[in-house]
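Heads up: the structure comes next, in structure tokens.
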Amino acid sequence: MSLKPGKKGDANRAWNVRRKGEKAYSSAIKPINRTFLIVCEGKNTEPEYFRKFPVQSVEIIVKGMGRSKSSLVNEAKRLKAEPDFKGAEVWCVFDYDHKPDEADSQPADFNGAIEDATKSGIQVAWSNDSIELWFLLHYQYLDTALEREGYYPILKDVWGLESFSNEAKTRSFCENLYDLLNEGPANQAQAIERAKRLDEEHMTTGAPYHQRCPCTTIYRLVETLNAYIKN
């Protein structure tokens with residue numbers, strides 16, 4: 001039984017096609033009453049993580065764009081204006097991801113993207129330096145400013161990997177991220193509290209977003225989705 005009437009031609013749209021064996025992202029019991037469109041910078045890590053949230057009565061549409069910062073926000077604004085996503089709550093997910101060769105332009109791009117999205121009614125779940133900070137906060141509190149490579153060896157040991165870059169970035173690994181981060185010794189509730197603590201401490205300084213490191217607002221999207229998970 002269909003829970004949400006489809007439009008003619010929707011069946012073959014890229015955002016509506018699931019891979020073989022992939023579960024639906026909405027409840028099979030209650031009718032859908034809300035849609036989340038999550039537009040991600042990455043193509044594997046973020047999309048696969050958010051697709052696994054076991055929400056009910058809502059639909060999660062995740063798009064891994066392979067774009068970053070202002071380019072990603074522009075794409076989210078374009079999608080938000082499409083009839084297919086009318087009324088959807090739109091989120092952008094991206095990292096600062098420090099790049100020495102872009103040191104002159106990167107701060108303005110990062111700060112501007114967050115401000116532009118906010119003015120356009122788009123929520124932003126950003127991380128400085130990367131989403132790996134959010135994963136690490138499931139295991140420990142960290143208030144030392146690190147670039148993404150600083151998180152890798154810690155997570156490699158916690159996850160028992162031979163190589164973080166060769167294993168943790170694969171689609172097959174990312175498909176299991178949500179479950180991995182909801183098993184002991186990982187603790188999502190503590191990760192939320194730790195992320196809030198970092199966020200609030202940075203907000204009190206009034207520093208621009210690119211200087212708020214370490215910091216991640218992924219917890220805001222996680223809390224939003226958690227509200228639709230049946231306990």
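Here the structure is a predicted model, which is why all the values come from computation and not from measurement. Sequence positions, counted from 1, serve as the residue numbers for this chain.
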Could I get the full list of ring-ring contact (aromatic ring centres under 6.0 Å, His included) partners for [X], not counting sequence neighbours?
| X | answer |
| --- | --- |
| Y228 | F36 |
| W91 | none |
| Y178 | F53 |
| F110 | F94, Y96, W126 |

* Asked: E175 and N44: side-chain hydrogen bond (donor to acceptor under 3.5 Å, both in side chains), yes or no, with the steps?
  -> CA-CA 8 Å; E175 287 174 343; N44 283 340; over 6 Å; no

Taking all non-hydrogen atoms of both residues into account, name the closest pair between [X] and [Y] and its distance.
| X | Y | answer |
| --- | --- | --- |
| C215 | H202 | CB-CD2, 3.7 Å |
| K43 | G64 | CG-O, 4.0 Å |
| I122 | V73 | CD1-O, 4.4 Å |
| A76 | C92 | CB-SG, 3.4 Å |
| A145 | C213 | CB-O, 3.6 Å |

* Could you please spell out the steps behind the side-chain contact (heavy atoms from CB on, under 4.5 Å) verdict for V93 and V39? => CA-CA 6 Å; V93 180; V39 186; over 6 Å; no

In Å, rounded to the nearest 0.5 Å, how long is the span from [atom1] of [X] to [atom2] of [Y]?
| X | Y | atom1 | atom2 | answer |
| --- | --- | --- | --- | --- |
| I218 | I192 | CD1 | CD1 | 11.5 Å |
| L155 | E132 | CG | CD | 7.0 Å |
| N128 | E147 | CG | CD | 9.5 Å |
| E89 | L221 | CD | CG | 8.5 Å |
| S57 | R34 | OG | CZ | 12.0 Å |

Hey, are the side chains of [X] and [Y] touching, using non-hydrogen atoms and a 4.5 Å cut-off?
| X | Y | answer |
| --- | --- | --- |
| D116 | K77 | yes |
| K63 | L37 | yes |
| L181 | Q188 | no |
| D109 | Q106 | no |
| I61 | T35 | yes |
| E223 | K196 | yes |
| L198 | T216 | no |
| K156 | V158 | no |

* **Verdict with supporting geometry, Y139 and W159, side-chain hydrogen bond (donor to acceptor under 3.5 Å, both in side chains)** => CA-CA 11 Å; Y139 304 95; W159 289 340; 2.7 Å; yes

* To do: State, without any angle test, whether D199 and Y219 hold a side-chain donor-acceptor pair at a distance under 3.5 Å.
  =>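 Yes, side-chain donor-acceptor contact under 3.5 Å.
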
* Please check if L142 and M203 belong to a single hydrophobic cluster, counting links between Ile, Leu, Val, Met, Phe, Trp and Tyr side chain heavy atoms closer than 4.5 Å. =>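 Shared cluster, no.
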
* Candidate pair R78 and E82, rule salt bridge (charged side-chain N to carboxylate O under 4.0 Å, His left out), full reasoning -> CA-CA 7 Å; R78 185 189 70 78; E82 289 190 353; 2.7 Å; yes

* To do: Go through the steps for T45 and K169 under the test side-chain contact (heavy atoms from CB on, under 4.5 Å), then give the verdict.
  => CA-CA 7 Å; T45 305; K169 295 295 185 179; 4.2 Å; yes

* Main-chain N/O of R220 paired to T217 side chain as donor or acceptor, under 3.5 Å ->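 Absent.
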
* Asked: Is the backbone N or O of S68 less than 3.5 Å from a side-chain atom of S71, with the two atoms forming a donor-acceptor pair by type?
  ->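 No, S71 side chain to S68 backbone: no donor-acceptor pair under 3.5 Å.
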
* Give the intermediate values and the outcome of salt bridge (charged side-chain N to carboxylate O under 4.0 Å, His left out) for residues R171 and E48. => CA-CA 8 Å; R171 172 164 284 171; E48 298 303 338; 3.4 Å; yes

* To do: Classify the ring geometry between F135 and Y49 as parallel (under 30°), tilted (30 to 60°) or perpendicular (over 60°).
  => perpendicular

* To do: Not counting sequence neighbours, which residues clear side-chain contact (heavy atoms from CB on, under 4.5 Å) with P208? List them please.
  =>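 side-chain contact (heavy atoms from CB on, under 4.5 Å) check on P208 returns N111, H210, Q211.
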
* Under the side-chain contact (heavy atoms from CB on, under 4.5 Å) test, which residues partner D95, sequence neighbours left out? -> E41, E46, D97, S127, S130, I131, R148

* Take D129 and L146 through the test side-chain contact (heavy atoms from CB on, under 4.5 Å) and record every step on the way to the result. => CA-CA 7 Å; D129 190 60; L146 297 175; over 6 Å; no

* For atom CD of E183, decide whether the heavy atoms of other residues, nucleotides or ligands shown that lie under 6.0 angstrom number more than 12. =>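 More than 12 within 6.0 Å, yes.
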
* Evaluate side-chain contact (heavy atoms from CB on, under 4.5 Å) for E162 paired with E167, printing each intermediate quantity in order. => CA-CA 8 Å; E162 292 294 327; E167 297 176 65; 3.2 Å; yes

* Are E201 and R197 within salt-bridge range, i.e. N to O under 4.0 Å? ->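 So E201 pairs with R197 through a salt bridge.
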
* Asked: Would you call R67 and E75 a salt bridge, taking side-chain N to carboxylate O under 4.0 Å as the test?
  ->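 Looking at R67 and E75, the cut-off is met.
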
